[in-house]
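All remarks here apply to the structure that follows.
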Amino acid sequence: DVKVTQSSRYLVKRTGEKVFLECVQDMDHENMFWYRQDPGLGLRLIYFSYDVKMKEKGDIPEGYSVSREKKERFSLILESASTNQTSMYLCASSSTVTGANVLTFGAGSRLTVL
Amino acid sequence: GQSLEQPSEVTAVEGAIVQINCTYQTSGFYGLSWYQQHDGGAPTFLSYNALDGLEETGRFSSFLSRSDSYGYLLLQELQMKDSASYFCAVRRQAGTALIFGKGTTLSVSS
């Protein structure tokens, strides 16, 4: 019954490494999102995409990039990981047709950068 | 810009009623949503208000007043399993993305 799958639940990387976080949804949703969640700061929007090959910056895009080559897959890329990118990363998707306010989230990827 | 304010913590006992308030500032309004997140879990959708008034879904209700830029989530007959974080959210000015408040941690005790 898993609908949004994030490839890694836990990752440990070193400063300066390139990090890929993968997200796949099986609901044929047009919209996909990447958030990061930190204690006391809630969920902050990094990037989102409303169509294949389309991307929009969120509120905290610095240090991140994204790729959406296929409708079901949305990747978050940290070009050169830094310790302040240690966080929980949440991927989500939504359908413009059935409700853009209803997001389905993945289980999250907890990234630690040493 | 857009911002949402909600209390950081609320405590209550089983069987009680609790209200979690949310005030928002946004240049364009496309409705107020509520999400629940248990510790270690993913956020899950609870409710959505596009128009003023109360929406009821079982023990949970959500209220919206657009003139006051204010809404609340009402949880009745509290159970231990309701202990979680609750987030209000509004649609971002540009596009379909949601902007979330910082969340309210609800602790229910017996």
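Protein chains get the first letters and strands the later ones, always in sequence-line order, with residue 1 at the start of each. Only a predicted model underlies this, so the values are computations on that prediction, with no experimental measurement involved. Worth knowing before you read on, the calculation uses all heavy atoms, side chains too, and leaves out hydrogens, waters and symmetry mates.
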Which of B:W34, B:Y24, B:Y35, B:Y86 passes ring pair (Phe, Tyr, Trp, His ring centres under 6.0 Å) with B:F100? Answer is B:Y35
Can you check whether [X] reaches [Y] side chain to side chain, under 4.5 Å on heavy atoms?
{"X": "B:E9", "Y": "B:P7", "answer": "no"}
{"X": "B:I99", "Y": "B:L4", "answer": "yes"}
{"X": "B:L75", "Y": "B:I17", "answer": "no"}
{"X": "B:E56", "Y": "B:S61", "answer": "yes"}
{"X": "A:K70", "Y": "A:V24", "answer": "no"}
{"X": "B:Q6", "Y": "B:N21", "answer": "no"}

What's the shortest heavy-atom distance between [X] and [Y], and which atoms?
{"X": "A:C23", "Y": "A:V4", "answer": "SG-CG1, 3.6 Å"}
{"X": "A:R9", "Y": "B:G40", "answer": "NH2-O, 3.2 Å"}
{"X": "B:A50", "Y": "B:Y48", "answer": "CB-OH, 3.5 Å"}

Between B:S65 and B:D52, do the side chains contain an N or O donor and an N or O acceptor separated by less than 3.5 Å? no
Quick check for you: among B:S33, B:S85, B:P43, which has the greatest number of heavy-atom pairs under 4.5 Å with chain A? B:P43
A:L43 versus chain B, heavy atoms under 4.5 Å apart: side chain, backbone, both or neither? both
Counting only pairs under 3.5 Å, give me each side-chain donor-acceptor contact of residues 103-114 of chain A, with atom names and distances, residues two or more places apart or in other chains.
from: A:S109; atom 1: OG; to: A:Q6; atom 2: NE2; distance (Å): 3.1
from: A:S109; atom 1: OG; to: A:S8; atom 2: O; distance (Å): 2.5

When you look at A:N101 and B:Y30, which way does the side chain to side chain donor-acceptor pair (under 3.5 Å) test go after all the steps? CA-CA 9 Å; A:N101 290 287; B:Y30 305 95; over 6 Å; no
Are there residues of residues 102-110 of chain B that reach to under 4.5 Å of chain A by heavy atoms, and which ones? B:K102
Taking NZ, NE, NH1 and NH2 as the nitrogens, is one of them in B:E77 or B:R59 under 4.0 Å from a carboxylate oxygen of the other? no
Who in residues 50-69 of chain A is close to chain B, using a strict under-4.5 Å heavy-atom cut-off? A:K57, A:G58, A:D59
Report, in residue-number order, which members of residues 30-42 of chain A are under 4.5 Å from chain B by heavy-atom distance. A:N31, A:F33, A:Y35, A:Q37, A:G40, A:L41, A:G42
